[in-house]
Amino acid sequence: VHLHLHQEQVSKPTRIIQTIVFMKHCGLDTPFAKNAQGYSTTGYNVDMNFYTRTGDDGTTGLLGEGRVTKTHPRIEALGALDEASATLGLARAQVRDPRCEPILREAQRDLYKLMAEVAATPENADKFHFIDAARVEWLEAQTDALSATLTMPHEFILPGDTPSGAALSLARAVIRRAERRVVELIEAKESSNAELVRYLNRLSSLCFVLELAENAAAGKVTSLAKGE
């Protein structure tokens, strides 16, 4: 699969960085050849600035033609997804249960691919379509396997019994916001892949179970919202 961009788009360092990184993480061939400015097809150019001032007017580019305002619903969704991955990383850096780290790492990589699809304009979205029913089923399988080893609470809980558990609770809340932003895109016909919503919904549920696993790994009893 190749992504075809206009020359005016590939002449901007930031656009090339974004597209190359997205495509390499998604397992795609990059469509760029090294040009007169020295932009490389193999990664970051050591002489490249990481700012271009092209967004100083309040607009930004997508994986496709044109630019949109930074308050556009698609950009809001991308921002929420970026925060979701960052909070998962915060949790991953603290987890104790050996089952949690690889699950979180894989989920972050899924989110990176999900962001590529959200960042693509409608005419390019199919080229970045990686989140499907199989990825949703993977989340469900992880959730079921962990749940079978834990005592599940029958009421709401309070975050904060462990640092990693609290980080996972924060990630869960941010992922739910990202889910709402992607729903807005689908309702506005900016995206048509309903599996994106299902994936984020299941990921938030997985974060809840991971929080319980982390509390148990630390020898903590999860606090209930109504008290003991």
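All values reported here derive from a predicted model rather than from experimental measurement.
Follow the hydrophobic side-chain contacts under 4.5 Å out from Leu150 and you never reach Phe156; the two are in separate clusters. Residues Leu203 and Leu146 share a hydrophobic cluster, clusters being chains of Ile/Leu/Val/Met/Phe/Trp/Tyr side chains in contact below 4.5 Å. Under a hydrophobic-cluster definition in which Ile, Leu, Val, Met, Phe, Trp and Tyr are linked whenever side-chain heavy atoms come within less than 4.5 Å, directly or via other members, Tyr112 and Val174 are assigned to different clusters. Residues Leu206 and Leu90 are members of separate hydrophobic clusters, defined by side-chain heavy-atom contacts under 4.5 angstrom among Ile, Leu, Val, Met, Phe, Trp and Tyr. The hydrophobic clustering, which links ILVMFWY residues whose side-chain heavy atoms are closer than 4.5 Å, places Leu170 and Val209 apart.
Inter-residue side-chain proximity for Arg74 and Leu62 is flagged as met; some heavy-atom pair is nearer than 4.5 Å. Side-chain contact between His72 and Glu190 is present, with heavy atoms from C-beta onward closer than 4.5 Å. The side-chain heavy atoms of Asn124 and Leu63, taken from C-beta on, include no pair separated by under 4.5 Å. By the 4.5 Å heavy-atom criterion applied to side chains, Ile103 and Trp138 are counted as neighbours. The shortest distance between side-chain heavy atoms of Val197 and Ile186 falls below 4.5 Å. Taking 4.5 Å as the limit, some side-chain heavy atom of Val68 sits within range of a side-chain heavy atom of Ile75.
Summarising the geometry of Ala178 relative to Ala80, their closest heavy-atom pair is CA-CB, 3.7 Å, with the distance given to 0.1 Å. Residues Ala84 and Thr87 approach most closely at O-OG1, 2.8 Å, considering heavy atoms. Between Arg176 and Ser204 the shortest heavy-atom distance is CD-OG, 3.1 Å. Closest approach of Asn215 and Gly165 over heavy atoms only: OD1-CA, 4.1 Å. Of all heavy-atom pairs spanning Ala218 and Thr162, the tightest one is CB-CG2, 3.6 Å. The minimum heavy-atom distance linking Ile175 with Leu200 is given by the pair CG2-O, 3.3 Å.
Side chains of Asp144 and Ser147: a donor-acceptor N/O pair is absent below 3.5 angstrom, by distance only. With hydrogens and angles left out, the side-chain atoms of Ser164 and Gln94 include no donor and acceptor closer than 3.5 Å. In this model, a donor atom of one side chain and an acceptor atom of the other lie less than 3.5 Å apart for Arg99 and Thr149.
The CG atom of Leu104 lies 6.0 Å from the CG atom of Leu88; values are rounded to the nearest 0.5 Å. Here the CZ-CG distance, from Arg109 to Leu111, works out to 12.5 Å after rounding to the nearest 0.5 Å. Here the OH atom belonging to Tyr199 is positioned 3.5 Å from the CG atom belonging to Asp110, to the nearest 0.5 angstrom. Leu196 CG to Arg181 CZ: the interatomic distance, rounded to the nearest 0.5 Å, is 16.0 Å. The NZ atom of Lys113 lies 13.0 Å from the CZ atom of Phe128; values are rounded to the nearest 0.5 Å. Rounded to the nearest 0.5 angstrom, Thr69 OG1 and Glu76 CD are separated by 9.5 Å.
Evaluation of the salt bridge (charged side-chain N to carboxylate O under 4.0 Å, His left out) test over residues 150-174, restricted to residues two or more places apart or in two chains, returns none.
Salt bridge status for Glu83 with Arg177: present, with a side-chain N to carboxylate O gap under 4.0 Å. Salt bridge status for Arg135 with Glu106: present, with a side-chain N to carboxylate O gap under 4.0 Å. A salt bridge does not link Arg180 with Glu184: every distance from a Lys NZ or Arg NE/NH1/NH2 to an Asp or Glu carboxylate oxygen is 4.0 Å or more. Salt bridge present: Arg198 and Glu195 bring a charged side-chain N and a carboxylate O closer than 4.0 Å.
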Given Ile157 and Leu212, is the side-chain contact (heavy atoms from CB on, under 4.5 Å) satisfied, shown in steps?
CA-CA 10 Å; Ile157 68 172; Leu212 298 178; 4.1 Å; yes
Might you work through the side-chain contact (heavy atoms from CB on, under 4.5 Å) test for His129 and Asn193, ending with a clear yes or no?
CA-CA 8 Å; His129 182 90; Asn193 185 5; 2.9 Å; yes
List the steps, then state whether salt bridge (charged side-chain N to carboxylate O under 4.0 Å, His left out) holds for Arg105 with Glu101.
CA-CA 6 Å; Arg105 185 184 296 272; Glu101 196 278 340; 2.6 Å; yes
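Counting non-hydrogen atoms of neighbouring residues, nucleotides and ligands closer than 6.0 angstrom, the NZ atom of Lys70 exceeds 12 such neighbours.
Of the listed residues (Ser169, Pro159, Pro153), just one forms a side chain to side chain contact (heavy atoms under 4.5 Å, CB included) with Phe208, and that residue is Pro153.
A donor-acceptor pair is defined here as one N or O able to donate and one able to accept, closer than 3.5 Å; such a pair exists between the side chain of Glu214 and the backbone of Arg96. Remark: side-chain polar atoms of Thr143 are paired, donor with acceptor, to backbone N or O of Leu139 under 3.5 angstrom. With hydrogens and angles disregarded, a donor-acceptor distance shorter than 3.5 Å links the side chain of Gln108 to the backbone of Ser85.
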